[in-house]
Visitor: 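Handing you this structure, nothing more for now.
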Amino acid sequence: MRIGFFGTPDIAAYCLSKLIDFSEIAFVVTAEDKPSGRKRRIVNNPVKGIALDKGIPIFQPINLIEGSFVDKIKRHEADVYVVVAYGRLLPKEIYTIPHLNTINLHPSLLPKYRGAAPIQWAILNGDTETGITIQLMNERLDAGDILIQKKIPIDKDMTAGDLFNQSLPIGVELIREVIGLLASGISTPIRQKEDEATYCMKIDREIAQINWGRTSMEIHNLVRGLNPKPIAWTNFRGKSIKIWKTRLIDEGIDCNIGLGFLKIYKKRLFTRTGDGYVEILQLQPEAKRVMDGSSFINGYRVIEGDRFDIINV
């Protein structure tokens, strides 16, 4: 089985590394090189790095429908194209090339959470389950017929990173299963229900800022949904501070202080929310390392009366 692979970030690199173990990768199509980091150096994205290491032909087209690019990938005669977080919609001139079709991995239970950051938004919205979908490609965003799905439960303390790591091996196995079904001619695509479709937006800095007037659960979901990136944040003493990990509490603490105020209880750090408190387990002051609540209390000489800044209240 010869696979043409389209993808760019870590999730795509993981899938590519596993597909190499059981299939021949005819070529890789990935995003253009871009500068990264403070020094703005050009670095290979995760998929390109693997392809270079394995000697797989690499394409980084600016124009996907340019005749020369289409002719080049046709000449590699792949049986199926696999798309994992490539970042661009494939035109019909490309996804109709392979005789076994083009499939796409999407980390949600489509038609729910089409678009960017479905893993993060499932947690931000407090969902108790999500899943992986393998769909046929078409010209619309995440709207192709469904070939297979598998549900994944979401624990109340699971981070986006946890869910990401749990989803990856499941996704690879589903890709392998679907390719086998396509090759045998027994796949049964199911059309998505358009009236059930939802879309999720990219997560920007404004979304990541904590509003302490929200409920403890909403704040907890924001923090874990944005871990390990971009990380929820707030301001403390005029500087940005990242909140890496929180915990919902069930012990009784008097709610006699205002929103965003800090409370120290048994050498632990709590913040007043719209309906109670959350415990701050890990946080990172600007230009400092990640630390636990006790270290923050001691290092910054936090006292009751200190507070995180309030927004939109």
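These numbers come from a predicted model, not from an experiment. Computed over heavy atoms, backbone and side chain alike; hydrogens, waters and symmetry mates excluded.
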Visitor: Atom CD1 in I297, atom NZ in K267: separation rounded to 0.5 Å?
Guide: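 If I round to the nearest 0.5 Å, the distance is 10.0 Å.
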Visitor: Kindly compute the distance separating CG (L110) from CD1 (I190), expressed to the nearest 0.5 Å.
Guide: 12.5 Å
Visitor: Return the minimal non-hydrogen interatomic distance between I134 and G171, and the atom names on each side.
Guide: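 Minimum heavy-atom separation between I134 and G171: CD1-O, 4.3 Å.
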Visitor: Any side-chain donor paired with an acceptor under 3.5 Å for S295 and N298?
Guide: no
Visitor: Find out whether I73 and I97 are in side-chain contact, i.e. whether some heavy atom of one side chain is under 4.5 Å from a heavy atom of the other.
Guide: yes
Visitor: Donor-acceptor pair, distance only, cut-off 3.5 Å: does the side chain of N104 make one with the backbone of M137?
Guide: no
Visitor: Please check if any side-chain donor atom of T130 sits under 3.5 Å from a side-chain acceptor atom of D127, or the reverse.
Guide: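 There is no such pair (donor and acceptor under 3.5 Å, judged by atom type) between the side chains of T130 and D127.
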Visitor: For N235 and S240, what are the C-alpha separation, side-chain angles and deciding distance, and is it a side-chain hydrogen bond (donor to acceptor under 3.5 Å, both in side chains)?
Guide: CA-CA 4 Å; N235 285 312; S240 175; 4.6 Å; no
Visitor: Quick check: does any side chain N or O of D275 sit under 3.5 Å from a backbone N or O of S216, one acting as donor and the other as acceptor?
Guide: yes
Visitor: To the nearest 0.5 angstrom, please state how far the CG atom of N125 sits from the OG1 atom of T198.
Guide: 8.5 Å
Visitor: So, do N44 and L52 sit near enough that their side-chain heavy atoms are less than 4.5 Å apart?
Guide: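 Answer yes - side chains close enough.
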Visitor: Applying side chain to side chain contact (heavy atoms under 4.5 Å, CB included) to R247 and R268, what does each step give before you reach the verdict?
Guide: CA-CA 11 Å; R247 178 164 56 200; R268 293 154 58 193; 4.0 Å; yes
Visitor: Between D71 (side chain) and S68 (backbone), is there a donor-acceptor pair under 3.5 Å?
Guide: no
Visitor: Please check this pair: side chain of Q284 against backbone of K288, looking for a donor-acceptor N/O pair closer than 3.5 Å.
Guide: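 A pair under 3.5 Å: yes.
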Visitor: Report the C-alpha separation of F6 and Y81 in whole Å, then their side-chain angles, then the decisive distance to 0.1 Å, and conclude whether the side chain to side chain contact (heavy atoms under 4.5 Å, CB included) test is met.
Guide: CA-CA 7 Å; F6 294 71; Y81 290 171; 3.7 Å; yes
Visitor: In terms of relative ring orientation, are F270 and Y277 parallel, tilted or perpendicular, with 30° and 60° separating the classes?
Guide: perpendicular
Visitor: Please confirm whether the backbone N or O of V278 pairs with a side-chain atom of T246, one donor and one acceptor, at under 3.5 Å?
Guide: no
Visitor: Passes side chain to side chain contact (heavy atoms under 4.5 Å, CB included), I207 versus M201? Steps please.
Guide: CA-CA 10 Å; I207 290 173; M201 67 183 74; 3.7 Å; yes
Visitor: For I62, does the CD1 atom sit with more than 12 other heavy atoms under 6.0 Å from it, leaving out its own atoms?
Guide: no
Visitor: So that I can tick it off, tell me whether R237 and D306 are bridged by a salt bridge, with the cut-off set at under 4.0 angstrom between side-chain N and carboxylate O.
Guide: yes
Visitor: So for atom CD, which belongs to E77, do other residues, nucleotides or ligands contribute more than 12 heavy atoms lying within a distance under 6.0 Å?
Guide: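 No, CD of E77 has 12 or fewer neighbouring heavy atoms, counting only those of other groups under 6.0 Å.
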Visitor: For residues I94 and F69, determine if any side-chain heavy atom of one lies less than 4.5 Å from a side-chain heavy atom of the other.
Guide: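 I94 reaches F69 side chain to side chain.
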Visitor: Answer yes or no: is there an ion pair linking E93 with K74, defined by an N-O contact shorter than 4.0 Å?
Guide: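 Result for this pair is no, no salt bridge flagged.
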Visitor: Can you check whether M1's main-chain N or O pairs, donor with acceptor, with D79's side chain at less than 3.5 Å?
Guide: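 Judged by distance alone, no pair lies under 3.5 Å.
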Visitor: To the nearest 0.5 Å, tell me how far Q149 CD sits from I132 CD1.
Guide: 10.0 Å
Visitor: Looking at R2, I'd like to know if its CZ atom is crowded, meaning that more than 12 non-hydrogen atoms belonging to other residues, nucleotides or ligands lie closer than 6.0 Å.
Guide: yes
Visitor: Could you tell me if T8 and N45 have a donor-acceptor pair between their side chains, going purely by distance under 3.5 Å?
Guide: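 N45 vs T8: no donor-acceptor pair found between side chains.
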Visitor: Just wondering, are more than 12 heavy atoms of other shown residues or ligands nearer than 6.0 Å to NZ in K245?
Guide: no
Visitor: Counting only heavy atoms from other residues, nucleotides and ligands, does the tally under 6.0 Å from CD1 of I65 exceed 12?
Guide: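 Counting neighbours around CD1 of I65, 12 or fewer heavy atoms of other residues, nucleotides or ligands fall under 6.0 Å, so no.
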Visitor: So among T273, T271, T234, which one has a side-chain hydrogen bond (donor to acceptor under 3.5 Å, both in side chains) with W212?
Guide: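 When side-chain hydrogen bond (donor to acceptor under 3.5 Å, both in side chains) is applied between W212 and each of T273, T271, T234, only T234 qualifies.
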Visitor: If you measure only the distance, is there a donor-acceptor pair under 3.5 Å linking the side chains of D33 and Q60?
Guide: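 A pair is found: one side chain offers a donor N or O, the other an acceptor, under 3.5 Å apart.
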Visitor: In the structure I gave you, are the side-chain heavy atoms of V47 and V28 within less than 4.5 Å of one another anywhere?
Guide: yes
Visitor: Check this for me, if you would: do R88 and E139 make a salt bridge, where the nitrogen-to-carboxylate-oxygen distance has to be below 4.0 angstrom?
Guide: no
Visitor: Measuring only between side-chain heavy atoms, which start at C-beta, is T159 closer than 4.5 Å to I123?
Guide: no
Visitor: Does a side-chain N-to-carboxylate-O contact under 4.0 Å join D162 and R224?
Guide: no
Visitor: How long is the span from the CH2 atom in W233 to the CG atom in L226, to the nearest 0.5 Å?
Guide: 12.5 Å
Visitor: Is there side-chain contact between I241 and F308, with heavy atoms separated by less than 4.5 Å?
Guide: yes
Visitor: Answer yes when K151 and E129 have at least one side-chain N-carboxylate O distance shorter than 4.0 Å, and no when they do not.
Guide: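 Judged by the 4.0 Å cut-off on N to carboxylate O distance, K151 and E129 do form a salt bridge.
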Visitor: Find the distance between NE2 (H220) and CD (E279) and round it off to the nearest 0.5 Å.
Guide: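 Reported to 0.5 Å precision, the distance equals 11.0 Å.
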Visitor: Could you check whether any side-chain N or O of E173 sits under 3.5 Å from a backbone N or O of I170, counting only pairs where one atom can act as donor and the other as acceptor?
Guide: no
Visitor: Parallel, tilted or perpendicular: which fits the ring planes of F27 and H76, with parallel below 30° and perpendicular above 60°?
Guide: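 Rings of F27 and H76: tilted, 30 to 60°.
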Visitor: With a 4.5 Å cut-off on side-chain heavy atoms, are Y14 and V172 touching?
Guide: yes
Visitor: Side chain of R307, backbone of G260: donor and acceptor closer than 3.5 Å?
Guide: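 Answer holds: no.
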Visitor: Is the closest side-chain heavy-atom distance between L105 and I11 below 4.5 Å?
Guide: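 The answer is yes; the side chains approach within 4.5 Å.
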Visitor: State whether the side chain of Q192 and the backbone N or O of G144 hold a donor-acceptor pair below 3.5 Å, judged by distance alone.
Guide: yes
Visitor: Passes side chain to side chain contact (heavy atoms under 4.5 Å, CB included), I103 versus L182? Steps please.
Guide: CA-CA 10 Å; I103 61 175; L182 292 173; 3.7 Å; yes
